[in-house]
Amino acid sequence: MAAQSVLTSQSKDFPRWYQDVVAKAELADNGPVRGTMVIRPYGYAIWERIQGEIDARIKAAGAKNAYFPLFIPESYLSKEAEHVEGFSPELAVVTHAGGEKLAEPIVVRPTSETVIGEFMAKWIQSYRDLPLLLNQWANVVRWELRPRLFLRSSEFLWQEGHTAHATNEDASAYANKIHNEVYDDFLVNVMASPTYLGIKPPSERFAGAINSMTCEGVMRDGKALQMATSHELGQNFAKAFDIYYQSEEGKAELCYTTSWGASTRLVGGLIMAHGDDAGLLVPPRLAPVQVVVLTVRDESEVNEAADRVARSLRDAGVRVELDVGRGSFGRRVTDWEIKGVPLRVEVGPRDLAQGLVTLVRRDSGVKALLALEKLTREVPPLLEAIQGDLLARALAHRDDHTHDVSTVGDALDATKDGFARLPWDEVAGEGEGALNAQSVSVRCLQRSDGSMPSSDTERELFCLVAKSY
RNA sequence: CGGGAAGUAGCGCAGCUUGGUUAGCGUGCCUGGUUUGGGACCAGGAGGUCGCGGGUUCGAAUCCCGCCUUCCCGACCA
């Protein structure tokens, strides 16, 4: 008997499907204030896995974690002209505290370049103090006009890295290092979500940056999602906050700074990069629950066997959840499918009599019988195989939804289905306006071989354009 | 923030046009029993300031005004 669908199908209504998954996989709820988000335990478990993987890579890249305050003097924001202009529409400002009107309003951080810049100036004296490599895990607030859970919430969680360097080359190299060794590596090897790496056109750059790099993901519906960004800030913030160092020659020199971030938006990206009509689908390396062991019948022998199976898999290093709950088998199966657990081990009396269990892959639905004693040997490589298949599938999806075109008109047509790639010269200037009028934006610029340009002034660049979240 | 739609039990909805007894239905939840290899069934039960505030009225879920929230489409963004 075919299970009746419990979610809106992607093809029928993709935004509705997304909301259904968020609700039924118990990832998040709307908070009481517009645009705020309650992240539920299962959603937070996924975020903690993302955090752990990204944090380890940030530390491997040499940055150290610190924490800066939520409240920022409003005057700090104003010190960098483009920065304040870019962020002022989204700011939440505290005007009253302690029962009194404040002399100077306090801004709830939308990002921390300014406060961190202030302290960089204090901590950096000599070239020996450079590079200064900082990161913080924090919440930030950017008032959103049109919120969506995980994708655009007025408050969200992220990591923001901030570094200061002696030279432009060093700053640029470090921003690139983060982009490749932290973000791209995480996205490809853990989240199995290959993106397009490129630089933002001037119109899409971070407020105050001289160059912004992006990882542009291709979602199941063909739309773009920026999964992470790294910015070269040049000397803009160093000038605004007097971040000077004394060189070997004893001269005062301005630093070059960078900043880079990835947020809870990644959870939204995960949903839309791998999810299907049965719900979420989490790649094994990322999954907080890699295997669910569930009993087919509520009998003591079955329950005991399931418990042994779960233990042995845990001992083998697999993240396992045991489901020996009562209630119908089909219901429990569907619930775990919605949550996207990559592999299911079904323990039932018929199989047990032959010393077997049934393995079911969430991605393909393929079932296989396996001898109990082979489980701990077979499951880890099977999880890796699923990981590999998800990556291959995502890569194929990305390429299938990217179309090479030569004109803005063809690009508009092609973006009904996904991304379009065309020469940047065709788009720069008026073309960009024509695209924007149809809700299509330039997601990133690349060289013809797909590599990352050093600046948007390079010749013969290509651009990837798409509708975006 | 502009245009559209909507808010009634955890979730999905009916009732509102034409105001009038104890506000219904499906699903979920609780209890008991039968079940359990792809969203089980029977019986009983709990659960509502009808989004919030004000107004009209003898009487408001229903009519009027304001606000809040959600969804869709734009402009803004991680």
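Here is how names work: the chains are called A, B, and so on, in the same order as the sequence lines, proteins then strands, and each is numbered from 1. This one's a predicted model, so the numbers in the text were calculated from it and none came from an experiment. These numbers come from the heavy atoms of this one structure, side chains and all, not from hydrogens, waters or symmetry mates.
The stretch residues 180-233 of chain A participates, sequence neighbours left out, in these ring-ring contact (aromatic ring centres under 6.0 Å, His included) pairs: A:H83-A:F206, A:F87-A:F206, A:Y196-A:F419, A:F206-A:H231.
Of all nucleotides listed (B:C71, B:C77, B:G38), B:G38 comes nearest to the side chain of A:V333. For A:R265, the listed nucleotide lying nearest its side chain is B:C77; candidates were B:C77, B:A75, B:G37. Distances from the side chain of A:D351 to the nucleotides B:G74, B:G37, B:U36 place B:G37 closest. Of all nucleotides listed (B:A75, B:G37, B:C77), B:G37 comes nearest to the side chain of A:E346. Distances were taken from every side-chain heavy atom of A:P15 (C-beta onward) to each of B:U36, B:A75, B:C72; the shortest belongs to B:C72. Listed candidates were B:C71, B:U36, B:C77. Nearest to the side chain of A:E90 is B:C77.
Phosphate proximity of B:C72 to A:R16: absent, as no side-chain N or O sits under 4.0 Å from OP1 or OP2. Contact annotation: A:S328 side-chain N/O to B:U36 OP1/OP2 distance is not under 4.0 Å. At B:U70, none of the side-chain N or O atoms of A:Q19 fall inside 4.0 Å of OP1 or OP2 (strictly under the cut-off).
Remark: B:U18 base-pairs with no nucleotide; criterion is Watson-Crick or G-U wobble with both hydrogen-bond distances under 3.5 Å.
Rounded to an integer number of Å, the gap from CZ of A:R148 to P of B:C73 is 6 Å. Taking atom CD of A:E26 as the reference point, atom P of B:G28 lies 15 Å away to the nearest angstrom. Between A:E299 atom CD and B:G37 atom C1' there is a gap of 11 Å when expressed in whole angstrom units. Distance A:K24 NZ to B:C11 C1': 7 Å, rounded to the nearest Å. Spacing between atom CD of A:Q354 and atom P of B:G37 amounts to 18 Å, rounded to whole angstrom units. Straight-line distance from the CG atom of A:D335 to the P atom of B:G28: 12 Å, rounded to whole Å. A:L149 places its CG atom 7 Å from the P atom of B:C71, with the value rounded to the nearest Å. Between the CD atom of A:E144 and the P atom of B:A75 there is a distance of 14 Å, given to the nearest Å.
Comparing B:G66 with B:G47, their C1' atoms sit 32 Å apart, to the nearest whole Å. The P atoms of B:U49 and B:A9 are separated by 9 Å, rounded to the nearest whole Å. One C1' atom belongs to B:C13, the other to B:C52, and the distance between them is 22 Å to the nearest Å.
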Would you give me the side-chain donor-acceptor pairs under 3.5 Å for residues 140-150 of chain A, sequence neighbours excluded?
unit_1 : atom_1 : unit_2 : atom_2 : d
A:R142 : NE     : A:P110 : O      : 2.6
A:R142 : NH2    : A:P110 : O      : 2.8

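Counting any heavy atom pair closer than 4.0 Å across all strands shown, A:G261 reaches no nucleic acid atom. A:N436 comes within 4.0 angstrom of sugar-phosphate atoms only, judged by non-hydrogen atoms across all strands, and of no base. As judged by a 4.0 angstrom heavy-atom cut-off over every strand, A:G86 is placed among residues making no nucleic acid contact. Heavy atoms of A:S153 sit under 4.0 angstrom from at least one base atom. Across all strands, A:R297 comes closer than 4.0 Å only to sugar-phosphate atoms, never to a base (heavy-atom distances). Within the nucleic acid shown, A:R344 comes within 4.0 Å of at least one base atom, counting heavy atoms only. At the heavy-atom level, A:L225 lies nowhere under 4.0 Å from the strands shown.
The shortest side-chain heavy-atom distance between A:I72 and A:V108 does not fall under the 4.5 Å cut-off. Between A:I199 and A:C444, the closest side-chain pair of non-hydrogen atoms is not below 4.5 Å.
In the interface, the side chain of A:K367 is paired with the base of B:G38 through a donor and an acceptor atom under 3.5 Å apart. A donor and an acceptor atom sit less than 3.5 Å apart, one in the side chain of A:T358 and one in the base of B:G37.
Salt-bridge annotation for A:E82 and A:R205: absent, with no side-chain N of the basic residue lying under 4.0 Å from a carboxylate O of the acidic one. The existence of a salt bridge linking A:R220 and A:D276 is excluded, since no basic side-chain nitrogen approaches an acidic carboxylate oxygen closer than 4.0 Å.
Contacts with RNA chain B (heavy atom under 4.0 Å) in residues 31-39 of chain A: A:P32, A:R34, A:G35, listed by number.
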In sequence, state the C-alpha distance, the side-chain angles, and the governing distance for A:T195 and A:R398, and then conclude on side chain to side chain donor-acceptor pair (under 3.5 Å).
CA-CA 8 Å; A:T195 62; A:R398 186 192 77 174; over 6 Å; no
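A:K339 meets the side-chain hydrogen bond (donor to acceptor under 3.5 Å, both in side chains) test with A:E26; sequence neighbours excluded. With sequence neighbours excluded, no residue forms a side-chain hydrogen bond (donor to acceptor under 3.5 Å, both in side chains) with A:E378. A search for side-chain hydrogen bond (donor to acceptor under 3.5 Å, both in side chains) contacts involving A:R393 returns nothing, not counting sequence neighbours.
Of the two residues contacting RNA chain B, namely A:P349 and A:R146, the nearest-nucleotide position lying further toward the 5' end is that of A:P349.
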